[in-house]
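A, B, ... follow the sequence lines: proteins, then strands. Residue 1 opens every chain.
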2 protein chains.
Amino acid sequence: MADSPASSRDKILDVAEALFARRGYAGVGLREVADAVGLGKSSLFHHFKSKTQLYFEVLGRVLGRIEERIAPIFAAPGEPAEKLDRVLDTLLDALAEHPTTARLLLRALFEEDEFSGEPCPEEEAARQVLDGLLSGMGAVLHAGIESGAFRDVSVAHALQTMMGACVFHFASGELGEELIGAPVLSASAVRAQKHTVRQLLHHGLAAPAAASGEEDPCRS
Amino acid sequence: MADSPASSRDKILDVAEALFARRGYAGVGLREVADAVGLGKSSLFHHFKSKTQLYFEVLGRVLGRIEERIAPIFAAPGEPAEKLDRVLDTLLDALAEHPTTARLLLRALFEEDEFSGEPCPEEEAARQVLDGLLSGMGAVLHAGIESGAFRDVSVAHALQTMMGACVFHFASGELGEELIGAPVLSASAVRAQKHTVRQLLHHGLAAPAAASGEEDPCRS
DNA sequence: GTCTATACTACGATAGAC
DNA sequence: GTCTATCGTAGTATAGAC
């Protein structure tokens, strides 16, 4: 746990994270990973028993980084609308900070058929972290609907839509860059995207005659 | 062009579309395609000169199906807010009708590093269809902002967010099914998702004191 | 237009020397 | 903990018979 700075294990995870994000599970060969780390291909198997395990360990690390920052927001007190804004802000910051996160996450959210069929315990661990985040966010939406702050939308469908709205921009790479005219992770693009997501989701979700008396956070 | 119903070529395209949607470009082998069609592996090369060309032909067909339905909406007269709703409705219908579309599209929207490096003319064709759809939608947003019907958001960033919000649900497969409690393409899930997307995007985009006098389409 | 056979490369994974 | 060597399989693609 108290490893020396940048053990081989960590270097492998870093390199694999970058490659899996770029080309997906099936698109990356272990030889490519090994070369980028500066090891022989066989050495990888001393740290991870299979490619599948390596992948889910990478995914678990990414999900853990996000949960670490978002879970406290769910636990803290506050109005649903406030929490929604804070979670969106934190999530978008996390996606912006690490270029690989959004792609890895987006892939994981809709790729489930890639793997040979092995059970792999790390997969279940990653799944539970994701479930926790979704149920936390679902609770916020539910509370907001009950209190009348949010429109009476389906929580599950709103979650699905929010996931897509939040994650896609940071994964859109070349297409997004062409559309925006600057790298999607540039400071200005990130600021504009946060603003846009907040406008669309906060105002899209807010009940017509808002019961809460807070001012518009999207004007900041 | 006037082929007999279900030529080998069409069968290959259908099968490849289903497989590429499920497992991605790198995750599908031509042997798997050939077996599912009922041909030998080598016979595929009589219809498509490479795996890459097959992929982009599949992608082009999918994009063409969408453009065919959405382009007329851009060309027709109408208020931006009206057009926005009609485009969202049509797009969501198209995504719901063909289970493979959303996944194939989502992959194509953020995967650009998968291919060996060949130029492939079909790639450019697909790209142009996509660019046309995006610029059409961008024009609607721009017009709406100018007329005061929409908030003053960045068009490019709104497009990015809308893409994610619209497409993700229909690609979310197992995860979405667990979240919603029914297949994401079931009639009820599709109806609820259309309702949710319309609420979030229409109201999220509508200017605070709407200049247009139309009633709320999300109450239908 | 489909087949068999084949070329060549890469894959994930293992064995065992050091 | 890293290496070389190797196994067995599967990848894309081509050649040529039918």
Fill in: Residues that Ser42(B) engages under side chain to side chain contact (heavy atoms under 4.5 Å, CB included), provided they are two or more places apart
none

Worksheet item: Which sits closer to the 5' end of DNA chain C, Ser8(B) or Ser42(B), going by the nucleotide each is nearest to?
Response: Ser8(B)

At a cut-off of 3.5 Å, list every protein nitrogen or oxygen paired with a nitrogen or oxygen from nucleotides 7-11 of chain D, distance to 0.1 Å.
none

Discussion item. Counting the atoms with a prime plus P, OP1 and OP2 as sugar-phosphate, which does Ser50(A) contact under 4.0 Å by heavy atoms, base, sugar-phosphate, or nothing?
Written reply: sugar-phosphate

Worksheet entry | Residues forming a salt bridge (Lys or Arg N to Asp or Glu O under 4.0 Å) with Glu114(B), sequence neighbours excluded | Arg107(A)

Worksheet item: Looking at residues at least two apart in the chain, or sitting in another chain, which of them share a side chain to side chain contact (heavy atoms under 4.5 Å, CB included) with Ala192(B)?
Response: His157(A)

What donor-acceptor contacts under 3.5 angstrom involve side-chain atoms of residues 31-39 of chain B, with partners at least two apart or in another chain?
| residue | atom | partner | partner atom | Å |
| --- | --- | --- | --- | --- |
| Glu32(B) | OE2 | Arg23(B) | NH2 | 2.1 |

Worksheet entry | Asp93(B): salt bridge (Lys or Arg N to Asp or Glu O under 4.0 Å) partners, not counting sequence neighbours | Lys194(B)

Discussion item. Please confirm whether the ring centroid of Phe168(B) lies under 6.0 Å from the ring centroid of Phe110(A).
Written reply: no

Worksheet, complete the sentence: The first and last nucleotides of DNA chain C lying within contact of chain B, meaning any atom under 4.0 Å from one of its heavy atoms, run from dG1(C) to dA5(C)

Worksheet item: dA13(D) P sits how many Å from Gln53(B) CD, rounded?
Response: 10 Å

Please tabulate, one pair per line, all N/O donor-acceptor pairs under 3.5 Å involving side-chain atoms of residues 183-191 of chain A, not counting sequence neighbours.
| residue | atom | partner | partner atom | Å |
| --- | --- | --- | --- | --- |
| Ser186(A) | OG | Pro183(A) | O | 2.9 |
| Ser186(A) | OG | Ala189(A) | N | 3.3 |

Worksheet, complete the sentence: 5'-most contact on DNA chain C (nearest-nucleotide basis), His46(A) vs His47(B), goes to His47(B)

Do any side-chain atoms of residues 125-140 of chain B form donor-acceptor pairs under 3.5 angstrom with protein atoms, and if so which ones, sequence neighbours left out?
| residue | atom | partner | partner atom | Å |
| --- | --- | --- | --- | --- |
| Arg127(B) | NH2 | Glu178(A) | OE1 | 2.6 |
| Ser135(B) | OG | Asp131(B) | O | 3.4 |
| Ser135(B) | OG | Gly132(B) | O | 3.2 |

